[in-house]
**Q** 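Sharing a structure below in structure tokens format, with a few things to ask.
Chain A is the first sequence line, chain B the second, and so forth, proteins listed ahead of strands; every chain is numbered from 1. Worth knowing before you read on, the calculation uses all heavy atoms, side chains too, and leaves out hydrogens, waters and symmetry mates.
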Amino acid sequence: MTQKNSFYLRVFDVVRLIPHGRVTSYGAIAAYLGARSSSRLVGWAMNASHGELPPVPAHRVVNRNGDLSGKAHFSSPERMKELLENEGVQVVNDRVINFDEVFWDPVSLGY
DNA sequence: TGAATGACTCGAT
DNA sequence: GATCGAGCCATTC
């Protein structure tokens, strides 16, 4: 099964770098890894992040539209929204309304 | 080995 | 402005 030694670890690392109360997009992570075209792999990696330690804040990862696309994959769809709101991220209709303000781009920040 | 999948993104209509 | 289709890449069956 997963050889947890590849892309996944890299994705997990970046996601764990997301500051508290911030969110990022799959494309941003993929771009940071130098694989902007592999945005789908980021989502795939998230699928494998379940049960990872330390826990991967996948709830801080949303799609380009700021939509909680992965909420369905959480223990409960509401869990993702709860976690985000708990961190100060305003989520309405499963969407980050202030996405521009809480968006965290590792590439732009020079990570 | 080949084919299928996926929590995405971009471009075109 | 919204909707549809194609591309892309790593992992899995």
**Q** Is the number of heavy atoms from other residues, nucleotides or ligands under 6.0 Å of A:Glu85 CD greater than 12?
**A** yes

**Q** Measuring from the side chain of A:His73 (C-beta onward, heavy atoms only), which nucleotide among B:dA7, B:dT9, C:dC8 has the closest atom?
**A** B:dA7

**Q** If you draw a 6.0 Å radius around CZ in A:Arg16, do more than 12 non-hydrogen atoms from other residues or ligands fall strictly inside?
**A** yes

**Q** Report yes if a side-chain nitrogen or oxygen of A:Ser69 is closer than 4.0 Å to either non-bridging phosphate oxygen (OP1 or OP2) of B:dC8; otherwise report no.
**A** yes

**Q** Can you identify which nucleotide, out of B:dC8, B:dA7, C:dC8, has its nearest atom closest to the A:Ser39 side chain?
**A** B:dC8

**Q** Where the side chain of A:Tyr26 is defined as all heavy atoms beyond and including C-beta, which of C:dC8, B:dT9, C:dA10 is the nearest nucleotide?
**A** B:dT9

**Q** Checking only heavy atoms, does the side chain of A:His50 share a donor-acceptor pair with the base of B:dA7 at less than 3.5 Å?
**A** yes

**Q** Would you mind reading off the distance between A:Arg10 atom CZ and C:dC9 atom P, rounded to a whole angstrom?
**A** 16 Å

**Q** Tell me the interatomic distance from A:Met46, atom CE, to C:dT11, atom C1', rounded to whole angstroms.
**A** 15 Å

**Q** Nearest-Å distance, CG (A:Asn47) to P (B:dT5)?
**A** 15 Å

**Q** Any N or O donor-acceptor pair linking the side chain of A:Arg64 to the base of B:dC8 at under 3.5 Å?
**A** no

**Q** Apply ring pair (Phe, Tyr, Trp, His ring centres under 6.0 Å) to the pair A:Trp44 and A:Tyr26, showing each step before the final yes or no.
**A** CA-CA 10 Å; A:Trp44 200 258; A:Tyr26 300 92; over 10 Å; no

**Q** Main chain of A:Arg79, side chain of A:Ser76: is a donor-acceptor contact present, judged purely on distance under 3.5 Å?
**A** no

**Q** Rounded to the nearest Å, what distance is computed from the CG atom of residue A:Asp67 to the P atom of nucleotide C:dT3?
**A** 13 Å

**Q** Nearest whole Å is fine: how far is B:dA4 P from A:Arg40 CZ?
**A** 14 Å

**Q** Could you tell me the separation between the OH atom of A:Tyr8 and the P atom of C:dT11, rounded to a whole number of Å?
**A** 6 Å

**Q** Closer to the 5' end of DNA chain B via nearest nucleotide, is it A:Gly27 or A:Trp44?
**A** A:Trp44

**Q** CZ of A:Arg36 versus C1' of C:dA10: gap in Å, rounded?
**A** 17 Å

**Q** How close or far is atom P of B:dC10 from atom CG of A:Asn65, stated in whole angstroms?
**A** 9 Å

**Q** I want to verify a distance call: between B:dT9, B:dA7, C:dC9, whose nearest atom is closest to the A:Ala58 side chain?
**A** B:dA7

**Q** Is it true that A:Glu87 and A:Arg22 have a side-chain N and a carboxylate O under 4.0 angstrom from each other?
**A** no

